[in-house]
Engineer: 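The structure is given below, and queries will be raised subsequently.
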Amino acid sequence: MTQVWKPIGKQDIISLTGIVETLLGGQSFAWNSLSNHRWRGVISRSVIELQWKKRQLSWSQTGGTPLNESTLLDYLWLDDSYIAAIDALPWRSDYILNRAIQKFSGLRILRQPIEEVLMVFLLSSAKSIPQIKELRTKIHRLLGNDLGGGNYAFPGWDRLASLSEEKARSLGMGYRAKYLVGTARFLQQRPDWLDELKQLSYNQAKMTLMELPGVGPKIADCVLLFGGGKTEAFPIDTWIFQSLQKQYRLEGWKVAQMQDFAQIHFGQHAGLAQQFLFSLERTEARKSLSQK
DNA sequence: AACCAGGATAGCA
DNA sequence: TGCTATCCTGGT
């Protein structure tokens, strides 16, 4: 049976590096590369492959429940609001940001389900991308529905609540196990809590999220940016911290001050700028590492 | 063989 | 408010 590929419409500003960074750069842990220009991932309960060929992005469903194209377009933020968001960033006056936007043209924030994003970022502290993926896969295999082809769905927080801390530790989560279990127990009592979060303003949602065990400012921002539709969220991890210190000359600034700087300088879609700077910083770090 | 990693938290000054 | 040690585990 030959694989059916459907072209994705609007995509004039996508580049290969932009796609790679978007899918594999650390905002989602659901994607893996099959080759240099082909990737497989799970979107809710659908197994999807993406392909970049002749400067054209196309998609194919290889398992799970059928996915509407409109759902895919929303997931990939493929609408005019992306172009407007890019245009609203201060690239005209910010040379660093401008360079990153050129280099990673088409890099975007995926609109992922907030419950999935919360789980992976609870496990993310002091872990590398491959390690987070590994933990995620173990949990999905243990508790999620089988989608065929070795792919498993996100189990949902109700099933996660059945996990004991001991069992979670046996999967290799370490001290993060109590965060996951604690959050699962909390959400079990408050089933609508996560969805209601999206109705709140960014600042309120962030404060609220930080009530969960294991969620501090950084992880709260990740959850809101990648899963909560809050593009003003600006997660400051060590990479961004470095970038702001070196590129933006903010040596000696505290994280809270940098947070304010980011809101003022980058504005309403600060999180999108963050993603570009993140990719730039990480790529340059890898480059200098390989030169040693 | 120490040391650190894409953080959060408790304890103390 | 600001600083530090500690938490698990795996990689260098």
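For clarity, every value in this text was computed on a predicted model and none was experimentally measured. In what follows, every chain begins at residue 1, and chains take the letters A, B, ... in the order their sequences are listed.
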Engineer: Tell me the interatomic distance from A:L123, atom CG, to B:dG6, atom P, rounded to whole angstroms.
Structural biologist: 16 Å
Engineer: Counting only side-chain N and O atoms of A:R176, is one of them less than 4.0 Å from OP1 or OP2 of C:dC7?
Structural biologist: no
Engineer: If only side-chain N and O atoms of A:K178 are considered, is one of them under 4.0 Å from the OP1 or OP2 phosphate oxygen of C:dC7?
Structural biologist: no
Engineer: Over all heavy atoms of both residues, which pair between A:W31 and A:L50 is shortest? Give the atoms and the distance, please.
Structural biologist: CH2-CD1, 3.8 Å
Engineer: Counting only side-chain heavy atoms from C-beta out, which of B:dG6, B:dA8, B:dA5 sits nearest to A:I129?
Structural biologist: B:dG6
Engineer: Could you check whether A:T238 gets within reach of a base, just the sugar-phosphate, or nothing at all, counting any heavy atom under 4.0 Å?
Structural biologist: sugar-phosphate
Engineer: For the pair made of NZ in A:K218 and P in B:dA5, what is the distance, rounded to whole Å?
Structural biologist: 14 Å
Engineer: Just how far, in rounded Å, is P of B:dG6 from CZ of A:F278?
Structural biologist: 9 Å
Engineer: Which comes earlier along DNA chain B counting from the 5' end, the contact point of A:D237 or that of A:L212, where each point is its nearest nucleotide?
Structural biologist: A:D237
Engineer: Looking only at side-chain atoms of A:I219, point me to the closest of C:dT9, B:dA8, B:dA5.
Structural biologist: B:dA8
Engineer: Are A:Y175 and the base of C:dC7 stacked, counting only ring centres nearer than 5.5 Å and planes tilted under 30°?
Structural biologist: yes
Engineer: Rounding to a whole Å, what distance do you find between A:E165:CD and C:dT9:P?
Structural biologist: 11 Å
Engineer: Of the candidate nucleotides B:dG6, B:dG7, C:dT9, which contains the atom at the shortest distance from the side chain of A:K127?
Structural biologist: C:dT9
Engineer: Provide the Watson-Crick or G-U wobble partner of B:dG6, both distances under 3.5 Å; none if there is no partner.
Structural biologist: none
Engineer: Classify the side-chain pair A:S44/A:Y75 by whether it contains a donor and acceptor separated by less than 3.5 Å.
Structural biologist: no
Engineer: From B:dG6, B:dG7, C:dT9, pick the nucleotide closest to the side chain of A:A126?
Structural biologist: B:dG7
Engineer: Can A:S201 and A:N203 be counted as having a side-chain donor-acceptor contact under 3.5 angstrom?
Structural biologist: no
Engineer: Select base, sugar-phosphate, or nothing to describe what A:P217 touches, counting heavy atoms under 4.0 Å on all strands.
Structural biologist: sugar-phosphate
Engineer: So, A:F29 versus A:F121, ring centres under 6.0 angstrom or not?
Structural biologist: yes
Engineer: Identify which nucleotide among B:dG6, B:dG7, C:dG11 has an atom closest to any side-chain atom of A:Q131, counting heavy atoms from C-beta outward.
Structural biologist: C:dG11
Engineer: Which class fits the ring pair A:F261 and A:H265: parallel under 30°, tilted 30 to 60°, perpendicular over 60°?
Structural biologist: parallel
Engineer: With a 4.0 Å cut-off on heavy atoms, is A:G25 in touch with a base, just the backbone sugar-phosphate, or nothing at all?
Structural biologist: base
Engineer: Would you mind reading off the distance between A:K138 atom NZ and C:dT9 atom P, rounded to a whole angstrom?
Structural biologist: 10 Å
Engineer: Base, sugar-phosphate, or nothing: which does A:I236 touch, judged by heavy atoms less than 4.0 Å apart?
Structural biologist: nothing
Engineer: Going by heavy atoms in the side chains, are A:E49 and A:W5 under 4.5 Å from each other?
Structural biologist: yes
Engineer: Can you tell me which nucleotide in B:dG6, C:dC3, B:dA5 comes closest to the side chain of A:K254?
Structural biologist: C:dC3
Engineer: Applying a 3.5 Å limit to both distances, which nucleotide forms a Watson-Crick or G-U wobble pair with C:dC8?
Structural biologist: none
Engineer: Considering every strand and a 4.0 Å limit on heavy-atom distances, what is the contact class for A:G214: base, sugar-phosphate, or nothing?
Structural biologist: sugar-phosphate
Engineer: Starting at atom CD1 of A:I132, determine the distance to atom C1' of B:dG7, rounded to an integer number of angstrom.
Structural biologist: 11 Å
Engineer: If the P atom of B:dG11 is compared with that of C:dC8, how far apart are they to the nearest Å?
Structural biologist: 15 Å
Engineer: How many whole angstroms separate atom CZ of A:F29 from atom C1' of B:dG6?
Structural biologist: 8 Å
Engineer: Please report the distance separating the C1' of B:dC3 from the corresponding atom of C:dA5, rounded so that it comes out in whole Å.
Structural biologist: 15 Å
Engineer: When the P atoms of B:dG6 and C:dG2 are compared, how many Å lie between them, rounded to an integer?
Structural biologist: 25 Å
Engineer: Taking CZ from A:R169 and P from C:dG10, how many angstroms apart are they, rounded to a whole number?
Structural biologist: 13 Å
Engineer: Mind checking whether A:H269 and A:W77 have parallel, tilted or perpendicular rings, split at 30° and 60°?
Structural biologist: tilted
Engineer: Judged by each residue's nearest nucleotide on DNA chain B, which is more toward the 5′ side, A:M210 or A:W239?
Structural biologist: A:W239
